[in-house]
Amino acid sequence: MTFVITTPLYYVNDKPHLGSVYTTIICDSIARYKRLAGEDVIFITGVDEHGLKIQRTANEKGIEPKSHCDEISEVFNNNWKDWNISFDKFIRTSSKNHEFVVNEFYERVKASDDIYMGVQKGWYCVGCEEFKDNPENSSTYKCPIHQKNLEWKNEENLFFRLSKYQKEIERIINEPSFIEPIERKNEIINFVSRGLKDFSISRTNVKWGIPVPGYDNHTFYVWFDALLGYVSAISSDATEHSLEKSINGGWPADVHLIGKDILRFHAVYWPAMLISAKMKVPKKVFGHGFLTREGQKMGKSLGNVLDPDLLLTKYGNDPVRWYLIKDISLGNDGDFQDKRFVDIINNDLANTIGNLLNRTSSMSRKWFNNKVPNKEKIFNEKKLENFAKIAVENYIYNFDNYKLDLAANEVLSLAINTNLYLNDNQPWLLIKEKDNLPLVKEIIYNVLESTRIIGLLLIPLLPELSTKINDQLGSIYREEIPWKKQLIWGLLVSNSSLPKPTPIINKLEYEEHL
RNA sequence: GGCGGCGUAGCUCAGCUGGUCAGAGCGGGGAUCUCAUAAGUCCCAGGUCGGAGGUUCGAGUCCUCCCGCCGCCA
C-alpha cells in the first residue's frame, strides 16, 4: 500500500524556524514508522515560492525572485538533511513540472465550469496573502498577525466556485477522521456552516507566479499554486502528463500534517478544488499546535526566537525529536522549556534507556564471556515478556492513531519496567551462588531481549539512538525480516557477542541562556 | 459581537457516560541496592479540582451565574 504524507510546503520568506522543524520531525517519524510497517511511503516536503511577499523580499535584497528562491530552497533542503529527515520528494513550486501540473489542473477545474472572472475589492495583507477585514477602513490599520498596513486592492480576478461545493465539503469535513484533532474539526464545521464563498485564484500585477493561461497579467494565487505542490511532488521526476502521473502515482495523500493556522486551506478549499478537478481528496488533514518558549509566544519583538540550528548543533537530532514528540501531545500547543528539555532528555534517554542498555550489557559481558547468555527456562516466568508484548501492542495502536507522544511513552514505560525487573531479581546477588547461574542467564537474557525491542520501537522516533542500541547489542537487526516480525519476543540469539558498552547518549548540561 | 474550549499539586497535564476521582510525569525532600552514564528502585505533595449558587442520597464529573485565559468566526 502506498502511504503519502506531506509537510506543508514552506514559504521561502525565511529560513526554517522551530515550528517547521517540529512539523517535519513528526512527519518523518510517521514516515519511518509506516515504512517499517511495510507501507510504500512517499514523504513529501518542499517549498512554496511564489507570491507578492517573495517578490518584494527579493526586491529588497536587490535580487531576482528566482535567485532568492534558489538560495532559500537550498537552505531548506540542506536543513532537512542535517535533521536526518527521510523525505522522498522535495518539491519547488517554481519548478517546470509543477507549472505543468498547475496548468493541467486549472484546465480541469475550468472544464467543470468552476472558474469565472470577478472583481475583488478590499484590504489586502501581503504578509497573509489574504484579503482582510479592515474595521477602520483606513490605510493605517495593521494586520493583527503581521503588524503591517493593509493595502487597498480593486482588481479583476479569476474566481473559483467554492460555493458550489458547500454540500460536499460539509459531508467530507464531517467524516470521522478527516480533520484532527477534534477541536479543530469543530471550528472548521462551524466556519463551513456559515456558507462558503467563492475565492479568487488569480492576482494581477504579481509577476512572480505561474501565469494563468489566456489572461495576461494574471498569475495564480499562491495558495492555488502551492496546494498543488502536493500533487506535482508525486510526479516530480516525470517529464510529461504530469497530473496523470501523480494521480496514478499515489494520490490522494493519506495525511497532510500542517500547523493549525492553515487548516482552512487544506480542509476546505483544497478538497473543493480537487473535487472540481475530478480528483480524490486527502484522507486526513491533521492540524498540530503551535510552539511557545518558556510560556511565551516566540517573536522578533520579544527577541526570544529559538533557532533550531542552535538546538541541533548543541544537543543533536534525537534529543530534540524526543522532546518534541514525547513531551507535546500532537494536536496541542507545546512549550519549549530549556530546563525541562534537559531534564527530560537526561531522565528518559540517558538514565532510563541509555543506562539500562549499559548496565545490562556490562552484566552480560562480565558474567557470560562478553556474550548474550543462553535462553534458559528455569524460572520460566513471563512477566517481562508479557509486559513487552502489551507495550508493543499499545505502541502500534497509538502510532496508528497519531498519538506519537503515547507511543513514545510506551517505549519509556517498557524501559522503566525492565529496570524494575532487574531491581526485583537482583542478578548481581544471585550470581554469587554458582547454582543460580541458569537463573541469572534467564534474567539477563530477558533484559537484553527487552532492550532489543526498545531499540526496535525507537527506530521511527530516534533513528540515531536506535542505531546505537542495535550496535551495542551486537548488530542484531535483520533487514530481511519485517520489522513487525522482529518485534516478537525471543528473537535475540544466544551466545552472540556483545561489544564493550559505551554511553549511547551523554547527559546534557543545563545552561541558563541558550 | 457570535460560537468552541479551557481554568485540577511548584510546572506540564490525565481524569469516558456523576459514587476508591483527588491522579501521573517533571521539579523538590528523604531512604536504599550496587550490575550501570553518582544511573536503578522505594517513600514523601495534605492541592477548598477558578469563584458562587443549584440538581442529586452523592459532583472536578450535570445546570445557572460570575471571574480569568485562549481559539475560531465576524
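All chains are named by letter (A, B, ...) in the order of the sequence lines, taking the proteins before the strands, and each is independently numbered beginning at 1. This structure is a prediction, so every number in the text was calculated from the model and none was measured.
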ask   = When all nucleic acid strands are considered with a 4.0 Å heavy-atom cut-off, which category describes Ile188(A): base, sugar-phosphate, or nothing?
value = nothing

message = Go nucleotide by nucleotide along RNA chain B from the 5' end; which of Asp261(A) and Pro503(A) gets its closest nucleotide reached first?
response = Pro503(A)

ask   = With rounding to whole Å, what would you report as the distance between C67(B) and C21(B) at their C1' atoms?
value = 26 Å

inquiry  = Counting only side-chain nitrogens and oxygens, does Lys507(A) get under 4.0 Å of the OP1 or OP2 atom of A39(B)?
reply    = yes

query = Think Arg194(A) has a side-chain N or O under 4.0 angstrom from the OP1 or OP2 of C3(B)?
reply = no

ask   = With no hydrogens and no angle check, do the side chains of Tyr477(A) and Ser466(A) hold a donor and an acceptor under 3.5 Å apart?
value = no

ask   = What's the base orientation of G54(B): syn (chi within 90° of 0) or anti?
value = anti

ask   = Under a 4.0 Å N-O cut-off, is there an ion pair linking Glu180(A) with Arg184(A)?
value = no

Reference residue Ile476(A); test side-chain contact (heavy atoms from CB on, under 4.5 Å); the match among Leu448(A), Asn470(A), Ile469(A) = Asn470(A)

task = Scan Ile444(A) against the nucleic acid and name what it touches under 4.0 Å (heavy atoms): base, sugar-phosphate only, or nothing.
result = nothing

message = On the nucleotide A36(B), are OP1 or OP2 found under 4.0 Å from the side-chain N or O atoms that Lys366(A) carries?
response = yes

key: G50(B) and C70(B), which share atom name C1', separated by this distance in whole Å   = 15 Å

note = Checking N1-N3 plus N6-O4 or O6-N4 for Watson-Crick, or N1-O2 and O6-N3 for wobble, each under 3.5 Å, the partner of G27(B) is none

message = As a test of the definition: with a 90° window around 0 for syn, would you call G47(B) syn or anti?
response = anti

query = Once you round it to whole Å, what is the distance between C1' of G10(B) and CZ of Arg340(A)?
reply = 13 Å

inquiry  = Ignoring hydrogens and geometry beyond distance, is a side-chain donor-acceptor pair present between Asp198(A) and Tyr116(A) at under 3.5 Å?
reply    = yes

key: U32(B) pairs with, by Watson-Crick or G-U criteria that keep both distances under 3.5 Å   = G40(B)

ask   = Ile416(A) near the nucleic acid: base, sugar-phosphate alone, or nothing, with a heavy-atom cut-off under 4.0 Å?
value = sugar-phosphate

task = Determine the Euclidean distance between corresponding P atoms of C65(B) and G71(B); express it in Å to zero decimal places.
result = 24 Å

query = What is the distance, rounded to the nearest whole Å, between atom CG of Asn419(A) and atom P of G40(B)?
reply = 7 Å

ask   = If we ignore angles and hydrogens, is there a donor and acceptor under 3.5 Å between the side chains of Glu155(A) and Thr204(A)?
value = yes

query = When the C1' atoms of C44(B) and C57(B) are considered, how many whole Å apart are they?
reply = 36 Å

request  = Pick the P atom in U64(B) and in C69(B), then give their distance to the nearest Å.
outcome  = 22 Å

request  = Just name whichever nucleotide pairs with U20(B), Watson-Crick or G-U, keeping both distances under 3.5 Å, else none.
outcome  = none

ask   = Atom CZ of Arg264(A) and atom P of G71(B): how far apart are they, to the nearest Å?
value = 16 Å

message = Any side-chain N or O of Asn347(A) below 4.0 angstrom from OP1/OP2 of G27(B)?
response = yes

query = Salt bridge check: are Glu175(A) and Arg171(A) linked by an N-O gap of less than 4.0 Å?
reply = yes

inquiry  = Checking base pairs now: Watson-Crick or wobble, both atom distances under 3.5 Å. What partners G68(B)?
reply    = C6(B)

inquiry  = In whole Å, measure the gap between the P atoms of C72(B) and C42(B) for me.
reply    = 43 Å

ask   = Whole Å only: how far is the CG atom of Leu420(A) from the P atom of A36(B)?
value = 19 Å

message = Using OP1 and OP2 only, check whether a side-chain N or O of Asn358(A) sits under 4.0 Å from U37(B).
response = yes

query = Rounded to whole angstroms, how far apart are NZ on Lys297(A) and C1' on C70(B)?
reply = 11 Å

Distance-only donor-acceptor test (3.5 Å): side chain Asn355(A), base A36(B) = yes

